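One structure is given below, encoded as structure tokens.
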There are 2 protein chains.
Amino acid sequence: MTVMHLSESTEMYLKAMAELGGQDAIAAARLAERLNVTPVSVNEMVRRLGEQGLVSHIPYKGVRLTKKGREVACNVLRRQRLWECFLYDHLKIEWSQVYEFACSLEHATAPEVTEALAGFLGNPQTCPRGNPIPAADGSFKPLDAMPLSEAKLGEMAQVLAVNATATDVLKYLQEKNILPGRVVTVIEVAPMQGPLTLHVGGKDVALGLSMAEFVLVKKIDK
Amino acid sequence: MTVMHLSESTEMYLKAMAELGGQDAIAAARLAERLNVTPVSVNEMVRRLGEQGLVSHIPYKGVRLTKKGREVACNVLRRQRLWECFLYDHLKIEWSQVYEFACSLEHATAPEVTEALAGFLGNPQTCPRGNPIPAADGSFKPLDAMPLSEAKLGEMAQVLAVNATATDVLKYLQEKNILPGRVVTVIEVAPMQGPLTLHVGGKDVALGLSMAEFVLVKKIDK
DNA sequence: TGGAATAATAAGGTCAACCATAACATTTTT
DNA sequence: AAAAATGTTATGGTTGACCTTATTATTCCA
């Protein structure tokens, strides 16, 4: 297999797709949101990625990673999350900033460096946001979790991972103590796509549904 | 002072100038060589850098870093060399590859990360190639050294630093044991810009003048 | 001092990744 | 089934950093 050089932009698109969708088709508009570009730009880029065999696009249905695309994406996620570990555990970088800084580093990381870093870190299994780190061969087992947005009134759940990437969102979650390991209780579910109200760390917190989608939890039986 | 975002390319030009010239004016052709671009491209870029107040260009005389340009360059060198330390000391990356990998990382490194990294490393003073690491404020004392290319027949000298950057050059120097700390003796100086022959580590080594320019040494009295 | 070598500038081209605007297609909702 | 919302495609534009080829300017050296 030819190891072409993939641009930073390409890596960002593939990573975003892996973070958002996993196996499923992703609406181009969702991609545009996460990458902060216009839907028109996404369309163009998706065409280019399609030509390279990295994604398949079914008009009006969404974009899906091909096998090849998923491999690349897992590799990007591996680099990203290993750097997150390093920045958080060793450099003591603020939790909410770790993603952002790791993201820049990730695109500048050669395979030799990735593997040496993994060794240095002791082959960690999860990043500070709780997400699993794909193995060197690209394999990784997804979390057995559901988005907090699907939790019902009165349910208790433990946060397993935070899949948000924007620093301001991460900062908000950090301030409100919605972090991996924490246990939250849903004490109100507002109608009309309204926010959830949670009890966590002795306090009540309102959380919009779209943010709650990126908080992955495991239900706890009472 | 406005903190505009400087492109990777800008950083590379400024860094190359700091590595090559220090205070002096640098011929555009030398820059073109080191950066592997055409002189025409250098000229264009130098104009852009001039407009940003980072360099001053005196036609037919050369390019020189302005105060502002030198500050940026020192900052880039700091990041570069700190990463070299990390890659070499902690990730055990091959000496000859360290520069190349650090170079990619350097452009992707936020100030917070730079300073946290410096702390993690214990504020090292030199990189694995022997070059001084500028302080956070940009200050740094240049080596008291001369290029090996200026050594005379019969002289002994200790290698203080290697200022080469190309991986294949570094690999050659590594194989021939021309590394910081080593002591070399000049046993032959060929005429017509010919190579130096050195005695180092029990072996004789031929070294072209242009390579010898990037080996910084301190003369040793016998 | 005149020619060679070197340096600079001009003109026009490429490429990736964006952008805006507008037209058109499809899906969803009412 | 029509209107609204969403998604797609077309067209044309921008920016940065490169490229080639050709011309002109300056410096160096014999």
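Keep in mind that what you see is a predicted model, and the values were worked out from it rather than measured.
Between A:R30 and A:E33 there is a salt bridge, since at least one side-chain N of the basic residue sits less than 4.0 Å from a carboxylate O of the acidic one.
Atom-to-atom, CG of A:L49 to P of C:dA16 comes out at 12 Å; the value is rounded to the nearest Å. Rounding to whole angstrom units, CG of residue A:N43 and P of C:dT21 are separated by 18 Å. In this structure, A:Q52 atom CD and C:dA17 atom C1' are separated by 13 Å, rounded to whole Å. Rounded to whole Å, the distance from CD1 on B:I58 to C1' on D:dT27 is 15 Å. In this entry the distance linking CD of B:E51 with C1' of D:dT15 reads 14 Å, nearest Å. Going from atom CG of A:L31 over to atom C1' of D:dT6 covers 15 Å, rounded to whole Å. When the P atom of D:dC18 is taken as reference, atom CZ of B:R47 falls 13 Å away, rounded to whole Å. Nucleotide C:dA16 holds its C1' atom 14 Å from the CG atom of A:L6, rounded to whole Å.
In the set C:dA8, D:dT8, D:dA17, the nucleotide with an atom closest to the side chain of B:A28 is C:dA8. Considering only the side chain of A:A27, D:dG7 comes nearest among C:dC18, D:dA17, D:dG7.
Applying the 4.0 Å criterion to OP1 and OP2 of C:dC18, one finds that A:T38 has every side-chain N and O outside that range. Taking side-chain N and O atoms only, A:Y60 has no distance below 4.0 Å to OP1 or OP2 of D:dT9. Here A:R48 does not reach the OP1 or OP2 of C:dA16: none of its side-chain N or O atoms lies under 4.0 Å away. Not one side-chain nitrogen or oxygen of A:Y13 sits closer than 4.0 Å to the OP1 or OP2 atom of C:dA16. At D:dT8, one or more side-chain N or O atoms of A:H57 fall inside 4.0 Å of OP1 or OP2 (strictly under the cut-off). Between A:S9 and C:dA16, a side-chain N or O to OP1/OP2 separation shorter than 4.0 Å is absent.
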Requested in this report: Given salt bridge (charged side-chain N to carboxylate O under 4.0 Å, His left out), test A:E100 with A:K171 step by step and report yes or no.
Outcome: CA-CA 12 Å; A:E100 177 182 4; A:K171 203 169 170 200; over 6 Å; no
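There is no side-chain donor-acceptor pair under 3.5 Å between B:R47 and B:N43.
Between B:K15 atom NZ and B:C74 atom SG the span is 13.0 Å, to the nearest 0.5 Å.
Taking the six-membered ring for Trp and the full ring otherwise, B:F86 and B:F101 have centroids separated by 6.0 Å or more.
Position along DNA chain C of the nearest nucleotide to A:M45 versus A:P59 favours A:M45 as the more 5'-ward residue.
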